Amino acid sequence: MDTSSPSIFVNGESLPLYIGKRVRAVVQVIQCDGADTTAKSTDEHQLIIKGLPVIPPLKFVEVIGIADGNQSVHAETWTNFGDAFDAASYNQLCKLANGEFKALFL
């Protein structure tokens, strides 16, 4: 695991807090046209992911990249998590990582 450039666990609600920083989010692909991907965060916010290849709708992907807006991430790397993912558990993780246990995650 590379710890030289950590990424912050985010959902749609916490993404605007980290504009310009490296973030990590799991999203469900809604539409992908090869340039921008429209996706849904684990807390049901619509996000735009830039720099992903064409990914079929309904697939979950983890995106690591730079938050470049309130609702967008420029992807550096991504991992396909398939079509079965526990979004509610990941969303709880994001709340803990940005709340009372923040010091444990950064």
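This structure is a prediction, so every number in the text was calculated from the model and none was measured.
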If you look at every heavy atom in [X] and [Y], which pair is closest and at what distance?
{"X": "F9", "Y": "S14", "value": "O-OG, 4.4 Å"}
{"X": "S72", "Y": "L15", "value": "N-CD2, 3.8 Å"}
{"X": "C32", "Y": "P53", "value": "SG-O, 3.3 Å"}

Validation row: [X], [Y] side chains within 4.5 angstrom (heavy atoms):
{"X": "W78", "Y": "T37", "result": "no"}
{"X": "V73", "Y": "I66", "result": "no"}
{"X": "T42", "Y": "F60", "result": "no"}
{"X": "L58", "Y": "D83", "result": "no"}
{"X": "N98", "Y": "I8", "result": "yes"}

key: Point-to-point distance, once rounded to the nearest 0.5 Å, from CG of N70 to CG of L17   =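 Reported to 0.5 Å precision, the distance equals 9.5 Å.
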
Separation between CG of L52 and NE2 of H74, rounded to the nearest 0.5 Å =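 Those atoms lie 9.5 Å apart.
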
Single-linkage hydrophobic cluster [X]~[Y], side-chain heavy atoms < 4.5 angstrom:
{"X": "L104", "Y": "L96", "answer": "yes"}
{"X": "V23", "Y": "I19", "answer": "no"}
{"X": "L93", "Y": "F85", "answer": "yes"}

Intermediate values then yes/no, side chain to side chain contact (heavy atoms under 4.5 Å, CB included), D36 and I49 = CA-CA 6 Å; D36 292 340; I49 310 299; over 6 Å; no

task = Taking atom CD of E13 as the centre, report whether more than 12 heavy atoms of other residues, nucleotides or ligands fall under 6.0 Å from it.
result = no

inquiry  = Enumerate the salt bridge (charged side-chain N to carboxylate O under 4.0 Å, His left out) contacts for residues 66-81, please, sequence neighbours excluded, ordered by first and then second residue.
reply    =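 Salt bridge (charged side-chain N to carboxylate O under 4.0 Å, His left out) check on residues 66-81 returns R22-E76, K50-D68.
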
message = Suppose we screen for side-chain contact (heavy atoms from CB on, under 4.5 Å). Which residues come up paired with S41, at least two apart in sequence or across chains?
response = D43, H45, L47

